[in-house]
Amino acid sequence: MNKEKRTEIFTRFQQANPEPKTELEYTTPFELLAAVLLSAQATDKGVNIATRKLFAVANTPAAIAALGVEGVEQYIKTIGLFRSKAKHLVQTAEILRDKHNGEVPADRDALESLPGVGRKTANVVLNTAFGQPTMAVDTHIFRISNRTGIAPGKDVLQVEKRLLKLVPPEFMLNAHHWLILHGRYVCKARKPECTRCSIVDLCEFKKKTI
DNA sequence: ATCCCGAGGG
DNA sequence: CCCTCTGGAT
């Protein structure tokens, strides 16, 4: 795909949704970090239901740590992978409380050293909480980047690097959310709805049933 | 490469 | 039933 097509795609995304943001509900960087940690292989909707209850009881590292693993599990049992997520969230809370003054570090290495926080979660926090132009490649973005031809790659890291190189700079900060939302609601994994897609004419997938 | 793991959609 | 959902640790 050439540069003009990419620019046109993101221009359309921008016109349709000038200020895209995450659908995860949060009020602080720590709540965002916790919500993203819980969101692995889960829907935002399901995560929000759990975090509304959890954050009402504990929404700081000290409070989550005090709640303990079994305490946290009570609130997140409806989310997949809840046992490992509860353990990781409590361990992360303890580290933030003890080594980071209860704050979320705006630093990739510090973030990725936290239990349950990998590259993708760190990228989301750096982008959404701290305004850094990172590219968190999740299941949606990986699929969309390959399917449309915007930034094809064999694995998520390769797609991330190509997006950082190929997305026009003026769209970089919001590209993450636009691609997520497009993947969630239009270019869905199982049944992409090409007939109501705003960029079909620029897409290399070109589903034959249009 | 495999495990973790619930809810919702088709 | 089978697939998918803003992955990470082992």
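Chain identifiers are assigned alphabetically (A, B, ...) following the order of the sequence lines, protein sequences preceding nucleic acid strands; residue numbering begins at 1 within each chain. Just so it is clear, the structure is predicted and the values come from calculations on it, not from any experiment.
- The hydrophobic side chain of A:Leu157 is isolated, with no ILVMFWY side chain under 4.5 Å apart from it.
- Nearest approach of A:Ile141 to A:His176, heavy atoms of both residues: CD1-ND1, 3.4 Å.
- Within 6.0 Å of the NZ atom in A:Lys5, the count of heavy atoms belonging to other residues, nucleotides or ligands exceeds 12.
- Nucleotides of DNA chain C lying under 4.0 Å from heavy atoms of chain A occupy a range whose first and last members, 5' to 3', are C:dC2 to C:dA9.
- Residue contacts for A:Gly46: at a heavy-atom cut-off of 4.0 Å it reaches no nucleic acid atom on any strand shown.
- Checking A:Thr128 against A:Val117, the closest nucleotide of DNA chain C that is more toward the 5' end is the one next to A:Thr128.
- Applying the ring-ring contact (aromatic ring centres under 6.0 Å, His included) criterion to A:His182, with sequence neighbours excluded, gives A:Phe13.
- With sequence neighbours left out, the salt bridge (charged side-chain N to carboxylate O under 4.0 Å, His left out) criterion links A:Arg12 to A:Glu8, A:Asp201.
- Contacts between residues 15-36 of chain A and DNA chain B, defined by a heavy-atom separation below 4.0 Å, involve no residue at all.
- As rounded to the nearest Å, B:dA1 and C:dT6 have P atoms that lie 25 Å from one another.
- Looking at every heavy atom in both residues, A:Leu126 comes nearest to A:Asp107 through CD2-N, 4.0 Å.
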### Task
Can you check each nucleotide of nucleotides 4-10 of chain B against protein heavy atoms at under 4.0 Å and return B for base, S for sugar-phosphate only, - for none, in 5' to 3' order?
BBBS-B-
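- Looking at heavy-atom distances under 4.0 Å, A:His176 makes contact with a base.
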